[in-house]
Amino acid sequence: MSEAVLHHGGAEDRHPALAHHFEDLPGQKEAAGLGMWLFLAQEVMFFGGLFACYTIYRNLYPAAFAAGSAHLNWKLGAFNTAVLIGSSLTMAMAVHAAAVGARRQIVAYLLATVALGSTFLGVKVVEYADKFHHHLVPGPHFRFEGPLARPAEIYYALYFAMTGLHALHMVIGIPILLTLAWLAHRGRYSADYHAPVELTGLYWHFVDIVWIFLFPLLYLIPTHAPH
Amino acid sequence: MSEHHVVSPRLYLLVFASLMVLTFLTVAASRYDFGAGNTVVAMGIAILKATLVVLFFMHVKYSSRLVQLMVMAAFLWLALLIAGALSDYVSRGRVNHVPEPRGPAGAALEDR
């Protein structure tokens, strides 16, 4: 009798992905989601320091920021914005495919997300190469005509720090997406259990949100900016 | 049970289309001179786009109250960070403009 009580809801009908300290999969998923959001809240502060730094320096040197921004190619920035928003759509569709248990679609949408993410990074490489070519990288080789050279160097330091940290997040995200695609191909995820796809989706969308702010702040500073 | 968590692909497409239109609007708005309004418009559109991503792509609209509280706390803290730092720097400039320090930072503050 007592053994029957102990084995109530016995181990044989537990989902293999359900950890022993959780009662059921929805409870485990809720805890995992909260943990991911805690991580993302920390990420908001991580990027927040740079955004606060940007806000202060742009306030101090509005003309230099406008002049520095004018050297960026806003068309490439706008293209990359569209690419990243597109990758968020394919990521959301991958999570949807996982939620309805469509294995092939999970893999297809994850690979589409990887393709779009790689396109974004490819454009970023072209942009960075252009900055090196034109001596717009802060440091001993930085060259900028006119009296705004010093504060413009601050603008470019922030440009590289912010877009660099953002790109690093994507460089980390792409191998994770590829791993998920492989595991989805192997049949690891189902309608019942697909928390890793969902949580990686949260991470990817967060990276998209960071760029949504970076694009206007770095590429679209009007040259008629007021003081 | 968890069926109401599944968002329809049509809604995702609608959010995607809205994000694209808003991106176009950001670029278009930057062509016009609204004075200080340019930054307000650009950040307003960015906040609207981020809200769409958080609510629908990240499912926060359908998440538990606890997750929603966590999201709001994250952005509240960011707002506090930027507002706190700005209130210092903006008011400093208005009361007494301090030129860029040329010597050691300590010396420049002493001279004032």
Side-chain angles (χ1 to χ4, degrees), chain A residues 25-26 29-30 33-34 36-38 40-45 47-49 51-53 55-56 58-60 74-75 77-78 81-82 85-86 88-89 91-93 95-96 99-100 150-151 191-192 198 201-202 204-206 208-210 212-217 219-222 224-227, chain B residues 1-3 5-9 11-13 15-16 19-20 22-24 26-27 29-39 41-43 45-47 49-51 53-54 56-60 63-64 66-68 70-71 73-75 77-79 81-82 84-86 88-90 93 100:
Chain A
L25 275 175
K29 192 175 166 186
E30 174 74 27
L34 191 64
M36 192 65 198
W37 270 108
L38 190 59
L40 292 182
Q42 169 278 136
E43 287 273 83
V44 169
M45 296 315 284
F47 278 97
F51 277 101
C53 185
T55 310
I56 288 163
R58 180 166 164 185
N59 238 282
L60 288 175
W74 70 267
K75 283 174 187 161
T81 307
I85 291 172
S88 256
L89 175 67
M91 187 69 233
M93 291 303 292
V95 174
H96 178 262
V100 299
R150 288 291 287 155
D192 287 334
E198 211 168 310
L202 290 180
W204 195 261
H205 296 310
F206 170 79
D208 185 22
I209 289 176
V210 172
I212 281 173
F213 284 94
L214 287 181
F215 173 54
L217 286 178
Y219 290 78
L220 298 177
I221 306 177
H224 42 69
H227 290 279
Chain B
M1 285 223 300
S2 63
E3 285 312 299
H5 285 296
V6 179
V7 183
S8 85
L11 183 58
Y12 284 145
L13 279 174
V15 171
F16 170 75
L19 291 172
M20 289 305 230
L22 287 169
T23 301
F24 175 79
T26 307
V27 175
S30 72
R31 310 271 121 169
Y32 296 92
D33 186 359
F34 301 131
N38 275 101
T39 311
V41 169
M43 285 302 94
I45 292 175
I47 289 170
K49 286 168 77 179
T51 308
V53 173
V54 167
F56 298 104
F57 282 172
M58 299 173 97
H59 296 177
V60 168
S63 296
S64 69
L66 188 57
V67 165
Q68 291 175 346
M70 179 84 88
V71 177
F75 288 102
W77 247 249
L78 178 66
L81 171 70
I82 291 177
L86 259 191
D88 174 11
Y89 276 85
V90 171
E100 269 184 291

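Just so we're on the same page: letters track the sequence lines, and every chain starts at 1.
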M70(B): what forms a side chain to side chain contact (heavy atoms under 4.5 Å, CB included) with it, not counting sequence neighbours?
L34(A), W37(A), L38(A)

Output the distance between atom CD1 (I45(B)) and atom CZ (F215(A)), rounded to the nearest 0.5 Å.
10.5 Å

Pair count under 4.5 Å, heavy atoms only, with chain A: among L22(B), L13(B), L78(B), highest is L78(B)

Please report the closest heavy-atom contact between V27(B) and A78(A), naming both atoms and the distance.
CG2-CB, 4.4 Å

Mind listing the closest non-hydrogen atom pair of M58(B) and L40(A) along with its distance?
CE-CD1, 3.8 Å

Could you walk me through whether L202(A) and H59(B) pass the side-chain contact (heavy atoms from CB on, under 4.5 Å) check?
CA-CA 9 Å; L202(A) 290 180; H59(B) 296 177; 6.0 Å; no

Atom pair OG1/CD1 of T23(B) and I85(A) - distance to nearest 0.5 Å:
3.5 Å

Answer with side chain, backbone, both or neither: which region of I47(B) has an atom nearer than 4.5 Å to a non-hydrogen atom of chain A?
both

So what's closer than 4.5 Å to chain B heavy atoms on E43(A): side chain, backbone, both or neither?
neither

Within-4.5 Å side-chain heavy-atom neighbours: F57(B) and M91(A)
no

Part of V95(A) lying under 4.5 Å from any heavy atom of chain B:
side chain

So for V15(B), is it side chain, backbone, both, or neither that comes closer than 4.5 Å to the heavy atoms of chain A?
neither

Check each atom of I212(A) against the heavy atoms of chain B and say whether the ones under 4.5 Å are side chain, backbone, both or neither.
both

I'd like to check the salt bridge (charged side-chain N to carboxylate O under 4.0 Å, His left out) partners of E198(A); sequence neighbours left out, ordered by chain and number.
K29(A)

Closest approach of A92(A) to Y12(B) (non-hydrogen atoms, all atoms of both residues):
O-CE1, 3.6 Å

Using heavy-atom distances under 4.5 Å, tell me whether F206(A) contacts chain B through its side chain, its backbone, both, or neither.
both

Does the side chain of V67(B) reach to within under 4.5 Å of the side chain of E30(A), using non-hydrogen atoms?
yes

Proximity breakdown for S88(A) and chain B, heavy-atom pairs closer than 4.5 Å:
both

Considering the options I209(A), D208(A), T81(A), which one meets the side chain to side chain contact (heavy atoms under 4.5 Å, CB included) requirement together with K49(B)?
T81(A)

Nearest-0.5 Å distance that lies between atom CG in L220(A) and atom CZ in R31(B):
7.5 Å

Give the intermediate values and the outcome of side-chain contact (heavy atoms from CB on, under 4.5 Å) for residues V54(B) and H205(A).
CA-CA 8 Å; V54(B) 167; H205(A) 296 310; over 6 Å; no

Measure across T26(B) and P216(A) and return the closest heavy-atom pair with its distance rounded to 0.1 Å.
CG2-CB, 3.9 Å

To the closest 0.5 Å, what do you measure between CE (M43(B)) and CG (L217(A))?
3.5 Å

Name the option with the most non-hydrogen atom pairs under 4.5 Å to chain A; the candidates are S8(B), A85(B), A46(B), A74(B).
A46(B)

Taking the side chain as C-beta and beyond, is there a heavy-atom pair between Y89(B) and N59(A) under 4.5 Å?
no

